[in-house]
Amino acid sequence: MSSTPASVRFLTGITTSGTPHLGNYVGSIRPSVRASLTPGVQSFYFLADYHALIKIDEPARIQRSTLEIAASWLAAGLDPERVVFYRQSDVPEIPELTWLLTCVTGKGVLNRAHAYKASVDKNTAAGVDPDSDVTAGLFMYPVLMGADILMFNAHHVPVGRDQVQHIEMARDMANSFNHRYGEHFVPPQAAIEESVATLPGLDGRKMSKSYDNTIPLFANREQLKKLIAGIVTDSRAPGEPKETEGSALFQIYQAFATPSETDALRKDYADGIAWGVAKQILLERIDQEIAPMRARYQHLMDHPEEVEAFLLAGAQKARAIATPFMARLRHAVGLRGLTTGVVQAKVKSVKSALPSFKQYREKDGKFYFKLADAKGVVLLQSLGLESPQLAGKSIGLLQKEGAAALEALAAQLEPMADRDAVFAALDALKDAAG
Ligand code: TRP
């Protein structure tokens with residue numbers, strides 16, 4: 001097995017290509033902030049700014065959107081102490097992993113990705129070259145997304161239906177990498193939010209930037225009032241009973257209201273509420289939820305240095321995981337320092353030259369173990385443990401799982417000087433045992 005994290009890991013990203021709207025809030029920001037409060041869950045939230053480059057070539061817009069989305073998440077209650085909250089482009093291991101995954105991903109698999117296929121179908125229908133205006137970035141999108149997920153061995157990735165195919169592709173990448181190089185990745189699962197309905201926009205179609213029918217999440221009350229006034233309704237007069245079915249206004253209300261509030265509005269509809277009155281009720285309900293966050297959002301927008309500091313601290317947490325994991329992956333595929341390879345070849349041929357574990361007790365009464373190479377050079381050193389059984393268990397895990405056990409045991413092992421040498425020694429032991 002690969003690393004055995006103590007908790008379940010959730011991970012989700014938002015592409016930094018626009019201003020967050022109520023649809024993003026209801027569909028992604030609000031549920032993910034709630035999920036981050038669940039005990040036993042370790043959450044990763046990031047700003048997918050590398051992904052934004054696929055769609056957008058306006059640098060100022062990407063920067064602005066990064067600030068707006070980060071500020072929205074924070075204003076909505078995301079606690080950066082509790083979660084790992086970072087900007088994708090602050091973690092250089094992610095594009096590095098993208099290349100390793102690119103090399104285990106079938107081109108045919110990417111040919112079938114929905115977003116790429118849609119472009120090809122459109123071009124074909126228009127009678128132009130199938131790849132006209134398709135960048136390699138769009139084609140490679142699923143691999144970058146796979147690297148986002150596999151970098152942190154996320155178990156669950158909460159996404160909308162349109163992203164499920166990408167998660168399946170990430171599973172395939174994990175499996176083909178593991179098949180070639182040993183168990184390093186946890187195949188992730190999509191966590192589809194069935195309960196989270198997609199929010200209709202002002203015109204009744206799905207709220208989306210591309211339809212230009214959105215309500216910005218942090219519109220001020222006046223703007224909010226104006227936008228709500230523009231939600232399409234039918235022409236029924238006050239006093240005439242109204243249908244809740246297919247009413248964008250009703251559906252938006254439902255996404256914010258409690259079940260009993262929703263029932264009350266349903267009854268008002270049947271009783272022939274005037275559209276103007278219904279819109280006023282909707283305005284108040286949204287404002288009740290968003291107003292308390294607005295001040296925090298405005299503060300963060302006015303102090304980008306605070307947001308920047310949160311993101312840099314988050315990147316540090318992310319890299320504390322990504323850097324050693326990437327070192328392990330580099331070793332696994334053969335991107336290694338040249339000296340350790342030679343050492344390993346010798347180790348394999350002479351059994352007595354194998355590295356070995358030593359267990360001992362110190363004057364402090366604690367139990368220790370270390371891994372030393374054939375010459376006695378210490379490669380791994382444990383901290384003081386409470387019992388010899390604990391030390392024995394850790395050694396057993398290292399012998400059985402090799403480098404894959406290092407992450408789970410990180411808390412009881414001293415940082416090692418030369419990772420390549422440690423990996424090579426553990427590989428040699430595993431090979432000798434198997
Ligand atoms: N592709 C996602 C979207 O457009 C954003 C994203 C990038 C993402 N990397 C991810 C989501 C990893 C979940 C996990 O919505």
Side-chain angles (χ1 to χ4, degrees), residues 8-21 23-33 35-36 41-56 62 65-66 68-70 72-73 78 83-91 93-95 97-98 101-102 105 110 113-119 135 137-174 185-193 196 198-199 206-210 214 217 314-315 318 321-322:
V8 177
R9 298 189 190 193
F10 271 78
L11 176 141
T12 197
I14 299 187
T15 305
T16 55
S17 53
T19 299
H21 52 70
N24 300 137
Y25 173 72
V26 166
S28 164
I29 297 173
R30 189 174 63 185
S32 61
V33 170
S36 76
V41 171
Q42 193 186 6
S43 308
F44 296 78
Y45 296 89
F46 70 96
L47 301 145
D49 54 350
Y50 280 133
H51 278 95
L53 297 181
I54 294 169
K55 287 194 252 175
I56 298 190
I62 292 195
S65 172
T66 303
E68 287 175 344
I69 294 174
S72 298
W73 244 329
L78 193 72
V83 304
V84 186
F85 178 52
Y86 57 100
R87 172 171 46 202
Q88 188 184 30
S89 66
D90 284 337
V91 184
E93 288 82 1
I94 292 170
L97 177 55
T98 300
L101 297 178
T102 301
T105 303
L110 297 179
H114 298 320
Y116 171 69
K117 248 182 73 190
S119 297
T135 65
L138 176 67
F139 187 67
M140 295 288 297
Y141 182 112
V143 189
L144 179 57
M145 188 159 160
D148 289 331
I149 297 167
L150 300 183
M151 187 83 259
F152 301 100
N153 271 323
H155 301 88
H156 295 287
V157 184
V159 287
R161 291 215 163 272
D162 57 325
Q163 297 290 320
V164 171
Q165 188 195 33
H166 292 143
I167 314 298
E168 277 160 12
M169 288 180 171
R171 283 181 72 83
D172 288 347
M173 291 170 209
F185 293 123
V186 175
Q189 296 212 314
I192 307 163
E193 295 271 356
V196 177
T198 45
L199 210 63
K206 178 187 169 185
M207 190 179 286
S208 160
K209 253 191 330 260
S210 23
T214 66
L217 172 54
I321 298 170

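On a predicted model such as this, the values are computed, not experimentally measured, just so you know. Remember, it's 1-based here, ligands and their atoms both numbered in the order they're listed. Atom set for the values below is all heavy atoms of this structure, side chains included, hydrogens, waters and symmetry mates excluded.
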Answer yes or no: does an N/O atom from Thr15 fall short of 3.5 Å to an N/O atom of ligand 1? yes
Donor-acceptor check, side chain of [X] to backbone of [Y], threshold 3.5 angstrom: yes or no?
X      : Y      : answer
His156 : Phe10  : no
Thr135 : Gly137 : yes
Ser28  : Tyr25  : no

Students should be able to answer this: which protein heavy-atom is nearest to [atom], and at what distance?
atom                    : value
atom 4 (O) of ligand 1  : Tyr141 OH, 3.1 Å
atom 15 (O) of ligand 1 : Gln163 NE2, 3.9 Å
atom 9 (N) of ligand 1  : Asp148 OD2, 2.7 Å

Which atoms of ligand 1 are found less than 4.0 Å from any heavy atom of Val157? 13 (C), 14 (C)
For Gly13, take its heavy atoms, then give the atoms of ligand 1 lying under 4.0 Å from any of them. 5 (C), 6 (C), 8 (C), 11 (C), 13 (C)
Taking the ring centre of each residue, are Tyr45 and Phe85 less than 6.0 Å apart? no
Is the distance from the ring center of Phe46 to that of Phe152 below 6.0 Å? no
Of the listed options (His51, Met151, His166), which comes nearest to atom 7 (C) of ligand 1 when hydrogens are ignored and any heavy atom counts? His51
Distance in Å, Arg171 CZ paired with Met169 CE, rounded so as to fall on 0.5 Å steps: 14.0 Å
Do Ile14 and Trp73 have side-chain heavy atoms sitting under 4.5 Å apart? yes
For ligand 1, is any non-hydrogen atom under 4.0 Å from Phe44's backbone (N, CA, C, O), its side chain (CB onward), both, or neither? neither
Which part of Gln88 is near ligand 1, with near meaning a heavy atom under 4.0 Å away: side chain, backbone, both or neither? neither
